[in-house]
Structure formats: structure tokens, C-alpha cells
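A quick write-up on the structure given underneath.
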Amino acid sequence: VVGVDASTDFVAAARKAGIDARLGDARSLTFDGEFDAVFSNAVLHWVRDADAALDGIVRALRSGGRFVAEFGGHGCIAAIVLALTVALQRRGHVLQSPWYFPTAEEYAAKLTAHGFEIDSIELYPRLTPLPTGIRGWLETFAGPMIDVLPDAERASLVDEVETLLRPMLCDTTGRWTADYVRLRVVARRPR
């Protein structure tokens with residue numbers, strides 16, 4: 001097993017656990033026919049250049065090798081994206097999304113173009129509890145979008161996003177749930 005991540009902290013933690021982990025970028029994998037399988041979970045929606053990632057993945061696989069992935073798909077966090085878009089527009093900014101949320105058809109076309117044979121591909125909703133609420137989620141995942149604002153405006157933006165999302169993503173007991181939609185892929189490099 002070889003792990004690849006762009007985070008030095010994640011690579012260090014994996015190495016500490018005894019895993020052969022390497023610092024790298026999904027857009028520039030350098031493996032060549034080395035693996036029977038490539039697995040990715042919750043990564044590829046952060047890779048806007050899907051073609052570069054798929055180039056490296058197919059190249060890394062041996063003939064007949066499997067590619068299994070799950071990541072955000074079309075409609076993922078739609079309510080959150082809309083609330084961020086509205087709150088940023090009110091402050092004179094355009095949302096610069098770091099995410100790539102393709103439809104199953106769009107990603108299937110990319111897989112086929114890169115030589116994969118598709119065993120299955122499906123888009124499905126997966127409501128996900130947010131133990132730290134929407135504020136914790138925004139702090140973890142939306143920093144690059146919020147950081148375009150001056151420090152003095154960031155707190156009010158987060159307040160506004162929370163207010164906009166409360167009717168949709170927070171239940172009557174105060175529990176927050178994110179509107180995730182996942183794309184699950186099983187494909188093979190032909191023999």
C-alpha cells in the first residue's frame with residue numbers, strides 16, 4: 001500500500017502509522033503500471049483538473065487494475081454553496097469555488113476518454129451530520145472563499161451563512177446536517 005497526499009501533516013501521520021505515504025499532488029502522479037488498484041475517498045472533488053488526475057491514475061494501474069473512488073458529485077453542498085454565493089455577492093465578491101462536483105455522465109465520459117472501462121458509476125445523496133455545526137464546517141472547508149474578505153467582515157459573513165442555512169440544514173434540536181451528494185465510481189484499466 002502506498003498513500004499519496006498533498007498535506008505534509010497527513011503524510012507524517014500516515015508514516016507514523018507505518019504506511020508508505022508520499023507527499024504528492026493528484027494532478028501529477030508519477031507511478032507507472034505499479035498497482036493493482038487505486039482507491040480515493042473524498043479527494044477528487046478538490047481536484048479541479050480531473051483529466052490530469054485521471055491521466056496519473058490510469059498510468060499507475062497495471063493492465064486490468066481497478067479504480068475505485070467516492071467523492072462529491074453534482075449537487076453536493078448545493079445549499080452551502082448558494083448561501084456562500086449570496087453572502088459573498090452582498091459584499092461585492094464572487095464565489096471562487098475550489099470544488100469539482102461532476103454529474104455521473106460527465107465523469108463517465110472523462111473515464112472513457114482516459115481509457116477506463118466502467119463497472120459502475122452512481123450519484124447518490126448522503127446527508128452528513130456536522131458535529132461542529134455549520135460554523136465548524138465553514139472553518140474547516142470554506143476558508144479560501146471567506147478569506148477573500150477583510151478580517152472585519154468575515155464574522156458577519158459566517159453569521160449570515162448560518163442564518164441562511166438554518167431553515168434547511170439545522171433541525172429543531174439544533175443538529176446540523178450537510179447536504180452531501182456523492183459520486184461512487186468503479187472502473188478498470190482494460191487488459
Side-chain angles (χ1 to χ4, degrees), residues 1-62 65-73 76-77 80-81 84 95-102 107 110-111 114 116 121-148 151 154-155 158 161-162 165 169 175-189:
V1 173
V2 175
V4 177
D5 201 285
S7 164
T8 54
D9 291 342
F10 287 176
V11 168
R15 287 178 178 165
K16 188 175 179 180
I19 296 170
D20 178 358
R22 302 175 190 181
L23 190 62
D25 187 315
R27 297 169 298 180
S28 57
L29 298 173
T30 59
F31 304 105
D32 189 9
E34 298 175 45
F35 301 103
D36 295 317
V38 170
F39 172 74
S40 176
N41 182 49
V43 171
L44 295 174
H45 57 263
W46 291 100
V47 181
R48 294 196 55 84
D49 188 351
D51 291 308
L54 288 170
D55 280 343
I57 292 167
V58 73
R59 189 176 48 258
L61 289 168
R62 292 183 180 118
R66 292 176 298 137
F67 170 46
V68 177
E70 183 175 299
F71 56 99
C76 190
I77 61 168
I80 297 170
V81 169
L84 280 165
L95 176 72
Q96 298 296 317
S97 174
W99 302 299
Y100 169 63
F101 295 136
Y107 207 72
K110 286 187 178 297
L111 288 165
H114 288 274
F116 283 99
I121 187 166
E122 66 175 320
L123 196 63
Y124 67 96
R126 191 189 79 202
L127 297 178
T128 302
L130 300 177
T132 60
I134 194 64
R135 296 179 92 79
W137 190 96
L138 291 168
E139 182 180 303
T140 302
F141 298 112
M145 291 159 279
I146 294 170
D147 290 349
V148 300
D151 290 346
R154 292 177 189 164
V158 170
V161 169
E162 183 179 49
L165 291 173
L169 301 183
R175 288 182 299 209
W176 285 86
T177 303
D179 55 334
Y180 284 11
V181 175
R182 308 310 278 175
L183 185 62
R184 185 175 291 163
V185 174
V186 179
R188 286 174 286 108
R189 179 177 181 171

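Model, not experiment: these values are computed from the prediction.
- Within a 6.0 Å radius of OH in Tyr124, other residues, nucleotides and ligands contribute more than 12 heavy atoms.
- For the pair Val58 and Asp55, the tightest heavy-atom approach, listed with the atom from each and the gap, is CG1-O, 3.4 Å.
- Contact annotation: the side chain of Asp5 never approaches that of Val43 to less than 4.5 Å [non-hydrogen atoms, C-beta and beyond].
- One distance of note links CG of Leu61 with CZ of Arg189; it measures 7.0 Å at 0.5 Å rounding.
- The shortest distance between side-chain heavy atoms of Phe31 and Val38 does not fall below 4.5 Å.
- Atom CZ of Arg126 sits in a crowded spot, with more than 12 heavy atoms from other residues, nucleotides or ligands closer than 6.0 Å.
- A pairwise comparison of heavy atoms in Ala50 and Lys110 identifies CB-CD, 3.9 Å as the closest pair.
- The heavy-atom pair separating Leu127 from Pro129 by the smallest distance is O-CD, 3.9 Å.
- Minimum heavy-atom separation, Pro102 to Gly72: CD-O, 3.8 Å.
- A heavy-atom distance below 4.5 Å is found between the side chains of Glu162 and Trp176.
- With values rounded to the nearest 0.5 angstrom, Ile77 atom CD1 is found 11.0 Å from Thr128 atom OG1.
- Looking at heavy atoms from C-beta onward, Leu44 lies out of side-chain contact with Leu183 at the 4.5 angstrom threshold.
- Proximity of Leu169 to Trp137: side-chain heavy atoms (C-beta onward) are nowhere separated by under 4.5 Å.
- Residues Ser7 and Leu23 approach most closely at C-CD1, 3.9 Å, considering heavy atoms.
- Applying the salt bridge (Lys or Arg N to Asp or Glu O under 4.0 Å) test to every pair with at least one member in residues 26-42, sequence neighbours left out, gives these pairs: Asp25-Arg27, Asp36-Arg62.
- At a threshold of 4.5 Å between non-hydrogen side-chain atoms, the residues Phe67 and Leu54 count as touching.
- Note: Arg182 CZ to Asn41 CG = 7.0 Å, rounded to the nearest 0.5 Å.
- Rounding to the nearest 0.5 Å places SG of Cys76 at 7.0 Å from CG of Asp179.
- For the atom pair Leu138 CG and Leu84 CG, the distance stands at 6.0 Å (nearest 0.5 Å).
- In this structure the side chain of Val185 never reaches within 4.5 angstrom of the side chain of Phe116, judged on heavy atoms.
- Pairing each heavy atom of Ile80 with each of Ala178, the nearest pair is CD1-CB, 4.3 Å.
- No more than 12 heavy atoms of other residues, nucleotides or ligands sit less than 6.0 Å from atom CZ of Arg66.
- Each salt bridge (Lys or Arg N to Asp or Glu O under 4.0 Å) pair with one or both residues in residues 137-147, not counting sequence neighbours, appears once here: Asp147-Arg154.
- With sequence neighbours excluded, the residues satisfying salt bridge (charged side-chain N to carboxylate O under 4.0 Å, His left out) with Arg188 are Glu117, Asp119.
- For the ring pair (Phe, Tyr, Trp, His ring centres under 6.0 Å) criterion with Trp46, the lone passing option out of Phe71, Phe101, Trp99 is Trp99.
- Rounding to the nearest 0.5 Å gives a distance of 6.0 Å between CE of Met145 and CG of Leu95.
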